[in-house]
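Inspection log for the structure reproduced underneath, given as C-alpha cells.
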Protein chains: 2
Amino acid sequence: MLTKKQLDLLEFIHKRVQRDGVPPSFDEMKEALDLRSKSGIHRLITALEERGFIRRLAHRARALEIVKLPDALEAKLGGAPSPSGFEPRVIDGDRPDSRPSGARALESGGAIELPVMGQIAAGVPIAAIAEVSHQVSVPSSMVGKGDHYALEVKGDSMIDAGINNGDVVIIRETTTADNGDIVVALVEDAEATLKRYRRNGNAIALEAANPAYETRLFRDDQVKVQGRLVGLIRSY
Amino acid sequence: MLTKKQLDLLEFIHKRVQRDGVPPSFDEMKEALDLRSKSGIHRLITALEERGFIRRLAHRARALEIVKLPDALEAKLGGAPSPSGFEPRVIDGDRPDSRPSGARALESGGAIELPVMGQIAAGVPIAAIAEVSHQVSVPSSMVGKGDHYALEVKGDSMIDAGINNGDVVIIRETTTADNGDIVVALVEDAEATLKRYRRNGNAIALEAANPAYETRLFRDDQVKVQGRLVGLIRSY
DNA sequence: ATCAAGTTGCTTCTTGGTGAGCATCATGCG
DNA sequence: CGCATGATGCTCACCAAGAAGCAACTTGAT
C-alpha cells in the first residue's frame, strides 16, 4: 500500500505525535527525511492522505492527524493509532492485543459507531430521546471531541436545509448553541425537535427550514439544547 | 480458487509485507517468480484482486494490500491476514464458517472505506472523475454489492433533493439507471454531472433539482451513466 | 506588515504499472 | 484426435508516478 518513503514519513509523524502531542511541520519533516525542499514532503503527505492514513486541513499549520497505521508499523511501534483524542488509555501489558480488538470496536479505521437513539421530529415534535435502536458507523472525521449520538429524522420541516425525512443526523451532545446552529431542542421538557436555533435576549426562536412551518418562540427557560447537528447520513 | 502461480505470488507478497512493511513492486515480484516480464505479474495481480485476496489502487506504486489469505497459506505462514485489528478471535473449530472466505473486503466493524474521486459538478462546470483525493468511511449498510466510490458535490443544482454544496455522495458503479434515479452522468464524454435521470424513448433527460437550472435533453448516445446515488454524507 | 507554514509550477531523472499482440501448454470435451 | 479455453510467458511500447530540487506565491497568525 505504501512506498518506503511514505512509510518512513508516516512513522516519523507518528513518533512525533507520540512524543510531543503535536504533529511536525513540513520543515521538520523535511529535515527528518533529509530532503532539501518541502515540496517533496508535500507530495508524500498528499499520497498518505489519498491512501487514507492521515487526514488534514489544507493551509493550516500542523493540521494533520494520523487516522490509521499500516499493520507493519502498528506492530513495530506499540502506540495506539491515535485518532480523535483518545489514546492514552492503552497500557502496554504483556499482550498488547489483549484488548485492541475490543477496545477499538467502536473505532476501527476511519469510522466510529454511534448509537441511534430513536427518531426525532423535524416537524411536529415526537417524544424525547428514547432508546438505542441500533448503531450506525460514521466517518470519524465527522465527530470531534465529546459525546455523540444519532437520530433518525421524521418529518420535512428541515428540507430547505437539505435534511429529509428518513435521514440520520449525527448530534454532538452539548447544552449550548450559537445562533444559526441546528440543534436538538427539548421544549417544555416534553418534546424534542430538530430546529435552527436563534437567541434574542432571553427569547429563543426555533426556526424550521420549510416555509410551511412557523418559527416558534419561547422563553429561554422553556427550551433546553440537547445537542448540535454535526453530520448527516442518508441512504437511498 | 487460486492457481499455483497466483498462490505463489500471494505468498511472496505476504512475506514481503511481513518483512519490510512495504509491498513489493512489479519488478521485484517478477524477479521472485522468475519471470522476464512484468506483464505476467500484472495479470496475476489482476486475478488476485478479482478474487478478493488483495486490494489496490490502480496506477500507484506498491499500492496494494493483502485482504485475506486462503486457508492453506494462513496455516502455513502464521501471519495475520491483516485487516484492522481483529483476527485473534477465530479459533479453528470444525466449522470455520466464521468467514465464508468471500466476505469482508475492507470491512471492519460496520464501515467500509471508499475513495473520494474528486468533485462532481451538480451545477454547470465539470472535471470528470479524476483521482483519489482521500478516503471516507461509510456505513457498510449503505453499500450493497458492486463497486462504489465517493464524490464531493460542488454546486447547488440538487438542493431540492437535499443535496447541498460540499456533501459527499456515495455512488454505486453501474451503467444503467431507472427513471427517477439520481445518477452520475457523463455527457459528451466530457462533463460529469449529478442529475436525476429520466429516459423517454431514446431521449434522456437530466433534471436538476433546482428551479434555477433547466432540464437538459440528450440523445441516449450522448449520455453515459457512470453510477447511481446510493448514499450521502454531510459534515457541518 | 511581516514571518512562518504551506502550496504550486516547472524541471529532471528513475522507477513502476498498463496493455496489445503473439506463442505455449495443459485440460476437458465431443 | 482436434478444438476451445484458460493460464502463462515474452517482447515491446508507453506513460504515469515517485522522488528531488528551486523558486515564487498564498494563507494564517501576530
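Throughout, protein chains are lettered first and strands after them, A, B, ... in sequence-line order, and every chain is numbered starting at 1. Since we're looking at a predicted model, the values are computed, not measured.
With respect to A/Glu173 and A/Arg228, no salt bridge is recorded, no charged nitrogen being found less than 4.0 Å from a carboxylate O. Using a cut-off of 4.0 Å between Lys/Arg side-chain N and Asp/Glu carboxylate O, B/Asp220 and B/Arg199 are scored as salt-bridged. Salt bridge B/Lys30/B/Asp27: present, at least one basic N to carboxylate O contact under 4.0 Å.
The distance from atom NZ of A/Lys30 to atom C1' of C/dA4 is 12 Å, rounded to the nearest whole Å. Between B/Leu35 atom CG and D/dT8 atom C1' the separation is 9 Å, expressed in whole Å. Atom CG of B/Leu48 and atom P of D/dA7 are 12 Å apart (whole Å). Computed from coordinates, the B/Leu7 CG to D/dT8 P distance equals 11 Å when rounded to whole Å. One interatomic measurement links the two molecules: CG of B/Leu64 to C1' of D/dA17, which rounds to 16 Å at whole-angstrom precision. The distance between atom CZ of B/Arg36 and atom P of D/dT8, rounded to the nearest whole Å, is 18 Å.
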Pairs under 3.5 angstrom, nitrogen or oxygen only, protein versus nucleotides 6-9 of chain C, please.
residue: C/dG6; atom: OP1; partner: A/Arg62; partner atom: N; Å: 2.2
residue: C/dG6; atom: OP2; partner: A/Phe26; partner atom: N; Å: 2.9
residue: C/dG6; atom: N7; partner: A/Lys38; partner atom: NZ; Å: 2.5
residue: C/dT7; atom: OP1; partner: A/Arg56; partner atom: NH2; Å: 3.4
residue: C/dT7; atom: OP1; partner: A/His59; partner atom: N; Å: 2.9
residue: C/dT7; atom: OP2; partner: A/Arg56; partner atom: NH2; Å: 2.8

Pairs under 3.5 Å (N/O, protein and nucleotides 4-6 of chain D):
none

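Contact check for B/Leu114 versus B/Ile112: side-chain heavy atoms found under the 4.5 Å cut-off. Under the 4.5 Å side-chain criterion, counting only non-hydrogen atoms from C-beta, A/Val138 is in contact with A/Ile233.
Minimum atom distance to the side chain of B/Gln6 is reached by D/dT8, of the listed D/dG21, D/dT8, D/dC10.
Nearest heavy atom pair, residue B/Arg234 against residue A/Ala161, reads NH1-O, 3.3 Å. Closest of all the heavy-atom pairs between A/Val230 and A/His148 is CG2-CD2, 4.0 Å.
Once rounded to the nearest 0.5 Å, the distance linking NE2 of B/His59 with CZ of B/Arg56 reads 8.5 Å.
For B/Lys4 and A/Lys4, each mapped to the nucleotide of DNA chain D holding its nearest heavy atom, the one lying further toward the 5' end belongs to B/Lys4.
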request  = Would you sort out whether A/Arg196 and A/Arg198 count as a side-chain contact (heavy atoms from CB on, under 4.5 Å), showing the intermediate values?
outcome  = CA-CA 7 Å; A/Arg196 197 176 291 280; A/Arg198 213 167 288 280; 3.6 Å; yes
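Residue contacts for A/Ile41: at a heavy-atom cut-off of 4.0 Å it reaches no nucleic acid atom on any strand shown.
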